[in-house]
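Inspection log for the structure reproduced underneath, given as structure tokens.
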Amino acid sequence: MDPKISEKAWNPELEKEILNQWQKEKIYEFTPQEDNFTIDTPPPYPSGRPWHIGAAAHYSQIDMIARTARMSGKNVYFPIGIDRNGLPVELYTEKKHRIRMRETERGEFLNLCRDALDDLEAEMILIMKNLGISGDFTNYYRTDSEEYRTLTQSTFIDLWKKGQVYLANRPNNYDWVSGTTIADAEIIYEDLPTKLVYMKFKIKDTEKEIIIASTRPELICACKTIIVNPEDERYTQYIGKKVIVPITNVEVELRTHHSAKQEFGSGAVMVCSYGDQNDVALFRELELEEIVAIGLDGRMTEAAGEYAGLKPKQARTKIIEDLESRGFLEKKEDIIHRTPVSERSKIPIEIIPMEEYYLKQKESVKKIKKLGQEITFHPAMHKQILMNWLESINIDWPISRRRFYGTEIPIWYCKNCSEPHVPEPGKYYKPWSEKCPITNCNKCDSSEFIGEERTFDTWMDSSVSPLFVSKFGKDDKFFNMVYPASIRPQAKDIVRTWLYYTLLRCEQLTGEKPWSDAWIMGYGLDEKGMKMSKSKGNAIDPLPVIEKLGADTFRFWSASEINHGYDFRCNEQKIESTRKFLSKLWNVSRFLSSFPVIKSGTLNASDKWILSELDNLIKECKKGYDDYNFFIPAIAIREFTWNIFAAHYIEMAKARAYGIEFSDEERDGAIFTLHKTLSTILKLLAPITPFITEYLWKILYSSESIHKQRQVESENVEVQSNITKEITEFNSKVWNEKKSQNLSLKDSIKIEIPENLKPFIKDLKSMHNLLD
RNA sequence: GGGCUCAUAGUCCAGGUCGGUUAUGACGUCGCCCUUACACGGCGAAGAUCCGGGGUUCAAAUCCCCGUGGGCCCA
């Protein structure tokens, strides 16, 4: 009998053909019905080359979610989008063309950004397609499209009218390299070397002085008070006294506050506007009047007196010299200080009072907590990330950014009285280049307006992704059918941003939660467990890996190596060796392809045994698939296919399947069982490795795609795991015995079959050529 | 300083809820073998103080406590 499959190994080249076929047959097309399964797919951000291999693994798994849902009979809506707003592309464009954003005409700069995005996007789309992602690429969306930005602006206008947005002058995190305010969520902390300066402050009307340690002596001009811990006995006698600030000679009060740590520095702390977040909190709590010491240009202001115009770092050096020459310096220490830096530009942020727009969020925290409780997290432990974040929210969300490549804030100001005017929702507005659609100021009737130049924080765009894909405000019928979405898959590091902001915005706009499930994946690390980054040079380009080894190998690696929710290491060699399993599956199928597919047969003990193990495998896979944890089925299927089915059952049933010294009925039992097992394995594996399973399925079992099949269900057969152990141990014993006697595997040998294995005697005898 | 999480062979990882034979599997290494699905293979072998200390128990990789060291998050 000739096998239908003749090639000896799975050829990843075949994936292209299969891909074309899927495209031609449109097998993943979505038409909304009653019971839809909507995936709020993360739109990836094209920030540079290469795309992160961890992201490729991430999207492979998101596709497994879609395929799992489809095979469980759900009508899957799997949109694809690309996130294109924000700072990274501006920095990329500045670097690529060696220009500066603020020195380039805005329209021209935007065009350059758009071109860069198009390039990077093309590569990401190519990778996603090649990975076999079964999403809707024909209608893929961009967050910088007119349609998307219209939604962002419309939702803003809605919230503006509801009084959820306000303008406030507050200390803000300012990244003066990118020239913009940033949200708390965009700050990271880095341990940086700095000097801790011990300064002498005189107590007024005495000869005494106290020592104050600070890492920011240049802010001395903005010092408003000195605090000590109320339990610090060194300072009890000075509480309430005036202290003279060196250099500026300003008098400030010494008071107590629990946030002063006795063991840090001298225990006395100067409170300036603004050295850190604690200063901000203290100014608010003690109702101190702020002094703006650092300007938007990143330089010291007039308030800094003789240091005006210097950068804070220069001012620091100079003031240390001056303190020393004027006798105010006690000592300085080199320390490592946890410094807040901008996540994007990696530069220490300054806290500067600025006027920005805020979206109210504090009063929503309680509601969001409740929604969070209702959402099922996969894995459950990552709900904690959201809850911890909700605990720490203490200010509203600053949503305006002084950048170019983002959705414009749709506001015009009356040139005469400065009254802000917001246009009607439903259109995309560019106030920096367009005329105000409102003809007269509703306050002073003036007809001249100035357009707002700022853009939104990008999370304002991405936080409405579930609304965009469900056509919120555009197609009510469609919206009602697909919203709320079923699942939000995303990475762990953006729980406090993307996940949280989406909850906030969707709750504000619809009063509902945006999805019932959240699926959180860990980070892709390099082979040593370090975070991958372009600057470290440890990034792996996924494209050549996928091209060389094929999508299925990559996908199976992703499923079998990444325990859901935990960080994972990416190692090319590991990915390569995963291929062996596909090879095994191929060859098992090749062997089976020499036998006809038959509907039934008389089962013997071996057949019943492997089918019971198979049933157990189905249950195990279901456990994983129900939780969208692909690690469980991947490991279980590999173990079963390789180490039980191929290594033991096929060997036991081989002679019988060929019909050598067996009756036709006995033969059919073997052939039936072999096919039943393989077809089940293929279906169980289909969400993980869609290409090879499709190919084998079509050759062996049906002209209809495996991705149109329903997943197999357990028949609740009792497991015979003790028998499995005895069989594998007995087979090993025979192989070992032959080896120690220098016999070939086909040579005959005399070995006693254990009592429990008597029902398998005929198969075992033919397998090992056992003598009576 | 607080939270989450991890620690098991050269490497990755299972087991841990619910304590109980010889600690799972893969990669890699070594040896033998072309046995009509597969040399991208088969069989076999070597390789683990289950991070340290203490406690509970007849019995701890597993439960509890105290440390140590990584990763991430927050302040």
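The sequence lines fix the lettering, A, B, ..., with proteins before strands; numbering per chain opens at 1.
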Nearest-Å distance once atom P is located in both rC6(B) and rG47(B)
30 Å

I'd like the P distance from rC63(B) over to rC50(B), given in whole Å.
16 Å

Minimum-distance nucleotide (side-chain atoms of Met381(A) versus rU5(B), rG41(B), rC4(B))
rU5(B)

Looking at the side chain of Phe631(A), which of rG71(B), rA37(B), rA14(B) is the nearest nucleotide?
rA14(B)

On the 0 to 90° scale, with breaks at 30° and 60°, tag the [X]-[Y] ring pair as parallel, tilted or perpendicular.
{"X": "Tyr274(A)", "Y": "Phe283(A)", "answer": "perpendicular"}
{"X": "Phe568(A)", "Y": "Trp557(A)", "answer": "perpendicular"}
{"X": "Phe645(A)", "Y": "Phe640(A)", "answer": "parallel"}
{"X": "Phe630(A)", "Y": "Trp519(A)", "answer": "tilted"}

Applying the Watson-Crick and G-U wobble criteria at under 3.5 Å, what pairs with [N]? Answer none if nothing qualifies.
{"N": "rC34(B)", "answer": "none"}
{"N": "rU56(B)", "answer": "none"}
{"N": "rU29(B)", "answer": "rA45(B)"}
{"N": "rA39(B)", "answer": "none"}
{"N": "rC51(B)", "answer": "rG67(B)"}
{"N": "rU22(B)", "answer": "none"}

Rounded distance in Å - [atom1] ([X]) to [atom2] ([N]):
{"X": "Ile385(A)", "N": "rC6(B)", "atom1": "CD1", "atom2": "P", "result": "13 Å"}
{"X": "Phe568(A)", "N": "rG71(B)", "atom1": "CZ", "atom2": "P", "result": "18 Å"}
{"X": "Glu7(A)", "N": "rA39(B)", "atom1": "CD", "atom2": "P", "result": "14 Å"}
{"X": "Leu745(A)", "N": "rC32(B)", "atom1": "CG", "atom2": "P", "result": "16 Å"}
{"X": "Arg579(A)", "N": "rG41(B)", "atom1": "CZ", "atom2": "P", "result": "10 Å"}
{"X": "His768(A)", "N": "rG42(B)", "atom1": "NE2", "atom2": "P", "result": "16 Å"}
{"X": "Met387(A)", "N": "rG3(B)", "atom1": "CE", "atom2": "P", "result": "18 Å"}
{"X": "Asp493(A)", "N": "rC73(B)", "atom1": "CG", "atom2": "P", "result": "8 Å"}

Strictly below 4.0 Å, heavy-atom distances to any atom of RNA chain B: list the hits from residues 725-740 of chain A, or just say none.
Ser732(A), Trp735(A), Asn736(A), Lys739(A)

Heavy-atom neighbours of Lys383(A) NZ exceed 12 at 6.0 Å
yes

Does atom NZ (Lys369(A)) have a neighbourhood of more than 12 heavy atoms from anything else shown, all under 6.0 Å?
yes

Per the atom types in the model, does the base of rA75(B) pair as donor or acceptor with the side chain of Glu391(A) at under 3.5 Å?
no

Check the interface with nucleotides 25-27 of chain B: list each N/O to N/O pair with the protein under 3.5 Å, or write none.
unit_1  : atom_1 : unit_2    : atom_2 : d
rG25(B) : O3'    : Asn643(A) : ND2    : 3.3

Lys8(A) side chain near rA37(B) phosphate (N/O to OP1/OP2, under 4.0 Å):
no

Would you say rU5(B) has OP1 or OP2 under 4.0 Å from some side-chain N or O of Tyr566(A)?
no

Relative to the 5' end of RNA chain B, which residue comes earlier, Ala9(A) or Leu592(A), by the nucleotide with the nearest heavy atom?
Leu592(A)

Starting at the 5' end of RNA chain B, which residue's closest nucleotide do you reach first, Ile650(A) or Ser392(A)?
Ile650(A)

For [X], which contact category applies under a 4.0 Å heavy-atom criterion: base, sugar-phosphate, or nothing?
{"X": "Asn563(A)", "value": "sugar-phosphate"}
{"X": "Glu651(A)", "value": "base"}
{"X": "Glu561(A)", "value": "sugar-phosphate"}
{"X": "Phe581(A)", "value": "nothing"}

With no hydrogens and no angle check, just 3.5 Å: does a side-chain donor-acceptor pair link Trp10(A) and Asp552(A)?
no

Can Glu613(A) and Thr724(A) be counted as having a side-chain donor-acceptor contact under 3.5 angstrom?
yes

Please name the residue in the list Phe691(A), Phe581(A), Tyr695(A), Phe591(A) that meets the ring pair (Phe, Tyr, Trp, His ring centres under 6.0 Å) test with Trp586(A).
Tyr695(A)

Rounded to the nearest 0.5 Å, what's the gap from NE2 on His768(A) to NZ on Lys738(A)? Could you check?
7.0 Å

When rounded to the nearest 0.5 angstrom, what distance separates CD1 in Ile227(A) from CE in Met270(A)?
12.0 Å

